[in-house]
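Please read the structure below before turning to the comments.
Labels below follow one simple rule: chain letters A, B, ... track the order of the sequence lines, proteins then strands, and each chain is numbered from 1.
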There are 2 protein chains.
Amino acid sequence: MARKQGSHSEITGPRVLEAALRLIARHGYAAVSMRQIAAEVGVQAGALYNYTPDKQSLLFDLMRHHMVELLDALAEADLTGDALSRLKGFTQFHIRFHLPRSDQVFVSYMELRNLVPQNFTAIETMRREYEDALENILRAGEAEGVFAVPDTRVATMALIAMLTGLSHWYREGGRLAMPVIEQIYWDLVRKSVAV
Amino acid sequence: MARKQGSHSEITGPRVLEAALRLIARHGYAAVSMRQIAAEVGVQAGALYNYTPDKQSLLFDLMRHHMVELLDALAEADLTGDALSRLKGFTQFHIRFHLPRSDQVFVSYMELRNLVPQNFTAIETMRREYEDALENILRAGEAEGVFAVPDTRVATMALIAMLTGLSHWYREGGRLAMPVIEQIYWDLVRKSVAV
DNA sequence: CATCTAACTGAACAATCGTTCATTTGAAAA
DNA sequence: TTTTCAAATGAACGATTGTTCAGTTAGATG
């Protein structure tokens, strides 16, 4: 047997990334073998190398794709207006973008140490760009006099950690619906930087 | 060669745990081999099995030790008084306990998925106990009327995520000294739950 | 000094790892 | 219908994995 029924590169390729994402999110990069990924896709391990030069590139592609998607979506969100509106927009954006992508969040925040230095730097640069978007809002709020943030960089890291932490415990169909949780987090964010 | 100069079980035993902690924190549980740990200690891989029945127990021991130490220290902190004082005490305690233990924090928050179910449950129970300590403070503040927290459970998770996130980016000798950072985080915490 | 044994070595085990590649297959093109 | 070739297979590579264990040794004990 070789090519299977209905098997094409434009089908198998994405399925490799999907399988890798789910497996790595659950068990970790080092704990997942190429054979496990292949089995999930329904091919032999060798076939994966039609779609990735090696395992490391697979991880990097997953993380880069997540970050590019994040930055694109943020740009499209087009947060304008006064600082308070922008902060609310950012909070909503962050929650709505990350909550349906728990696997990506897991991988992007847990597997950084498994990237080779060059790939690590690339991801870190994009992450920094995202953080800077929030910090700029906090700075604007300081300038407007509507925020009281002793150190915008520290506050940025603190708020992003708080918001991202949501992805680690939120489960669909849990005690609280998403809009409720969104409101709770916005209250916490808003008050924490208030004058 | 067998027993080395000055080599004793009460010396080698702790060194195994120290080496495992540092290596797992840097590279992850699955990526670290028993031979790497042994090399760090200065023995052969087989010698490790005088100190742990298997690799999984090594990981579990590290995480259990961290949680036991955390809960003991919290109990000893003996946070009393009004809710605001207790919240300040908890915030200070959390930061001061976790900041000098970045390896333990890394392992305890990243390697949960590598615990077998029974060990996972044991750690999760202790973690829940710690979370409940904070939630009780938030509840008390609600009762006193000094906190305005729509959902104490969500706020608990949000605040712990914010505080623990500090361990992920803080580096000794960085731009800001620890007392300064502590003050910034306390401001954020205090305001976020304020009425 | 002789004895004992905890602590270690070093080789071995089967299993699994990432990766390569000659070969085979089947769907699309001619 | 025949030809073509992208997309697979499946076997193989050397390296490494966690773990076991018979044998060795150095420090404590008598």
Atom CG of B/Asn114 and atom P of D/dG18: how far apart are they, to the nearest Å?
12 Å
Regarding the side chain of A/Asn50, the nearest nucleotide among C/dT9, C/dC17, D/dA8 is D/dA8
Atom OH of A/Tyr29 and atom C1' of C/dC17: how far apart are they, to the nearest Å?
12 Å
By nearest atom, which of the nucleotides D/dT9, C/dT19, D/dT19 is closest to the A/Val43 side chain?
D/dT9
Between A/Ala47 and A/Arg35, name the one whose nearest nucleotide on DNA chain D is closer to the 5' end.
A/Ala47
Let me confirm one number: the CD1-CZ distance from B/Ile137 to B/Arg86, rounded to the nearest 0.5 Å.
5.0 Å
Rounded to the Å, how far apart are B/Ile11 CD1 and C/dC8 P?
9 Å
Parallel, tilted or perpendicular, as decided by the 30° and 60° cut-offs, for the rings of A/His66 and A/His98
perpendicular
Using the rule side-chain contact (heavy atoms from CB on, under 4.5 Å), only one of A/Ile181, A/Val189, A/Leu163 pairs with A/Ile95; which is it?
A/Leu163
Determine the contact category for B/Val41: base if any of its heavy atoms lies under 4.0 Å from a base atom, sugar-phosphate if only primed atoms, P, OP1 or OP2 are that close, otherwise nothing.
nothing
Contacts of A/Ala31 and A/Pro53 projected onto DNA chain C by closest heavy atom; the upstream (5') one is A/Ala31
For this output row, return yes or no: ring centroids of B/Phe120 and B/Phe60 closer than 6.0 angstrom.
no
Quickly work out the B/Tyr49 OH to D/dG18 P distance and round it to whole Å.
7 Å
Candidate nucleotides C/dT19, D/dA8, D/dG18, ranked by approach to the side chain of A/Thr12 - the nearest:
D/dA8
Tell me whether the side-chain N/O atoms of B/Ser33 come closer than 4.0 Å to OP1 or OP2 in D/dT16.
no
Please determine, for the side chain of B/Ala45, which listed nucleotide (C/dC8, C/dT19, D/dT19) has the closest atom?
D/dT19
So, do B/Tyr109 and A/His168 have ring centers that fall under 6.0 Å from each other?
no
Nearest whole angstrom, please: distance from the P of D/dA6 to the OH of A/Tyr51.
12 Å
In whole angstrom, what separates A/Lys55's NZ from C/dT16's P?
15 Å
Given atom CD of A/Glu10 and atom P of D/dA7, what is their separation to the nearest angstrom?
7 Å
Would you indicate which nucleotide in D/dT19, C/dT19, D/dT9 comes nearest to any side-chain atom of A/Gln44?
D/dT9
Between P on C/dC17 and CD1 on A/Ile37, what's the gap in Å once rounded to a whole number?
11 Å
